[in-house]
Amino acid sequence: MIHLFTYGTLEIPEVMEAVTGRTLASAEGRARGFAKFLLRGRIYPGMTAVQGAICSGRVYYDMDSRTLEILDAFEDEVYTRQRVDVEVTEGRSLQAYAYLILPQDRACLTSAAWQPDEFITKHLVLYLEACKAFHRDVSVRSPYHSR
């Protein structure tokens, strides 16, 4: 089973659905030893290893490989997908993929924490439209697409 830990725009279920075209089962979660900061010049965050930190987010369960391929195409080139340990709200731990900023790429992060409420208020409507356009484009180019 493939699980994905999200901590920024993709932790908003409407964004995940707009990008993937799917409604996925999910739960709140957190990753110990990680923190999220705004990416320079962007409206979304990156997560990087920070000793003693805890990053809150959302775990999406049981993704298929095609959905993960879509997300790989969606994510900025500065991210690296790696497995992390995640605690979910039901009180259990699991391994999930997460899109990380590696230590050698930390210069692309600011010191500002990402503010989800500010993102939702200022950017969500236009961001959702861009995500839906991305999904339409990737679906047309996909070998899995059928008319």
Side-chain angles (χ1 to χ4, degrees), residues 1-140:
M1 288 187 273
I2 300 172
H3 309 302
L4 181 71
F5 177 73
T6 60
Y7 53 84
T9 61
L10 288 173
E11 79 177 291
I12 302 168
E14 295 92 341
V15 173
M16 179 63 83
E17 185 174 347
V19 171
T20 65
R22 297 188 58 211
T23 302
L24 301 164
S26 67
E28 292 180 6
R30 59 189 190 169
R32 292 185 183 273
F34 292 94
K36 57 185 164 187
F37 303 97
L38 271 173
L39 280 161
R40 292 188 190 287
R42 308 277 174 46
I43 59 173
Y44 46 85
M47 184 174 86
T48 194
V50 175
Q51 189 171 1
I54 299 174
C55 183
S56 63
R58 176 165 297 280
V59 176
Y60 290 95
Y61 297 112
D62 304 329
M63 296 193 138
D64 59 55
S65 59
R66 176 63 187 144
T67 301
L68 204 54
E69 288 173 11
I70 290 169
L71 291 166
D72 286 347
F74 175 75
E75 289 294 356
D76 199 307
E77 67 278 353
V78 72
Y79 296 104
T80 300
R81 181 167 45 93
Q82 291 187 345
R83 288 191 183 271
V84 297
D85 292 322
V86 178
E87 299 169 2
V88 290
T89 52
E90 297 95 40
R92 62 187 178 101
S93 295
L94 54 83
Q95 280 212 324
Y97 282 113
Y99 291 97
L100 304 176
I101 304 297
L102 298 179
Q104 64 266 25
D105 297 322
R106 281 183 103 157
C108 71
L109 296 172
T110 68
S111 60
W114 185 64
Q115 303 296 327
D117 291 339
E118 183 178 327
F119 172 83
I120 290 167
T121 302
K122 292 182 177 179
H123 306 289
L124 182 59
V125 171
L126 288 176
Y127 195 78
L128 282 170
E129 289 307 313
C131 291
K132 290 174 185 174
F134 164 83
H135 181 75
R136 283 190 301 271
D137 182 54
V138 77
S139 294
V140 169

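Nothing here was measured: the structure is a model prediction, and the numbers come from that model.
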Side chain proximity check, Cys131 to Val15, heavy atoms < 4.5 angstrom: yes

Interatomic spacing from CZ in Phe34 to CD1 in Ile101 - rounded to 0.5 Å: 12.0 Å

Heavy-atom pair of closest approach, residues Ala98 and Met47: CB-CE, 3.8 Å

Test item: Thr121 side-chain N/O and Asp117 main-chain N/O as donor-acceptor pair under 3.5 Å: yes

Min side-chain heavy-atom separation Ile2-Asp64 under 4.5 Å: no

Smallest separation among heavy atoms of Ala53 and Ala35, with atom names: CB-CB, 3.9 Å

Ion pair check, Glu17 and Arg22, cut-off under 4.0 Å: no

Test side chain to side chain contact (heavy atoms under 4.5 Å, CB included) applied to His3 and Gln95, step by step: CA-CA 7 Å; His3 309 302; Gln95 280 212 324; over 6 Å; no

Test item: Ile54 and Glu87 side chains (from C-beta on) under 4.5 Å apart, heavy atoms: no

Reported CD1-to-CE distance for the pair Ile70 and Met63, which is rounded to 0.5 angstrom: 9.5 Å

Residue from Val138, Leu10, Thr9 passing side-chain contact (heavy atoms from CB on, under 4.5 Å) with Val19: Leu10

Set of ring pair (Phe, Tyr, Trp, His ring centres under 6.0 Å) partners for Tyr127, sequence neighbours left out: Phe119

Within-4.5 Å side-chain heavy-atom neighbours: Met16 and Tyr60: yes

Intermediate values then yes/no, side chain to side chain contact (heavy atoms under 4.5 Å, CB included), Leu102 and Gln82: CA-CA 10 Å; Leu102 298 179; Gln82 291 187 345; 3.7 Å; yes

Intermediate values then yes/no, side chain to side chain contact (heavy atoms under 4.5 Å, CB included), Leu4 and Tyr99: CA-CA 9 Å; Leu4 181 71; Tyr99 291 97; 3.8 Å; yes

Donor + acceptor pair across side chains of Ser26, Arg58 (<3.5 Å): yes

Exercise: do Tyr44 and Asp76 side chains pair donor with acceptor under 3.5 Å: yes

Atom pair CD/NZ of Glu11 and Lys36 - distance to nearest 0.5 Å: 4.5 Å

Contact check, side chains of Arg30 and Val86, non-hydrogen atoms, under 4.5 Å: no

Residues Asp72 and Arg81 bridged, charged N to O under 4.0 Å: yes

Test item: Val50 and Arg106 side chains (from C-beta on) under 4.5 Å apart, heavy atoms: yes

Residue pair Cys108 / Val78: nearest heavy atoms and the distance that separates them: SG-CG2, 3.5 Å

Minimum side-chain heavy-atom gap Thr48-Leu100 below 4.5 Å: no

Side-chain (Tyr7) to main-chain (Ser56) donor-acceptor, under 3.5 angstrom: no

Interatomic distance, Leu128 atom CG to His123 atom NE2 [nearest 0.5 angstrom]: 13.0 Å

Separation of Thr67 OG1 from Asp62 CG (nearest 0.5 Å): 11.0 Å

Sidechain-backbone polar pair: Arg40 side chain, Leu109 backbone, donor-acceptor under 3.5 Å: yes

Trp114 side-chain N/O to Ile43 backbone N/O, donor-acceptor pair under 3.5 Å: yes

Side-chain donor or acceptor of Tyr61 paired with backbone N/O of Ala27 under 3.5 Å: no

Test item: Phe5 and Asp85 side chains (from C-beta on) under 4.5 Å apart, heavy atoms: no

From Leu94 atom CG to Arg83 atom CZ, the distance as rounded to the nearest 0.5 Å: 10.0 Å

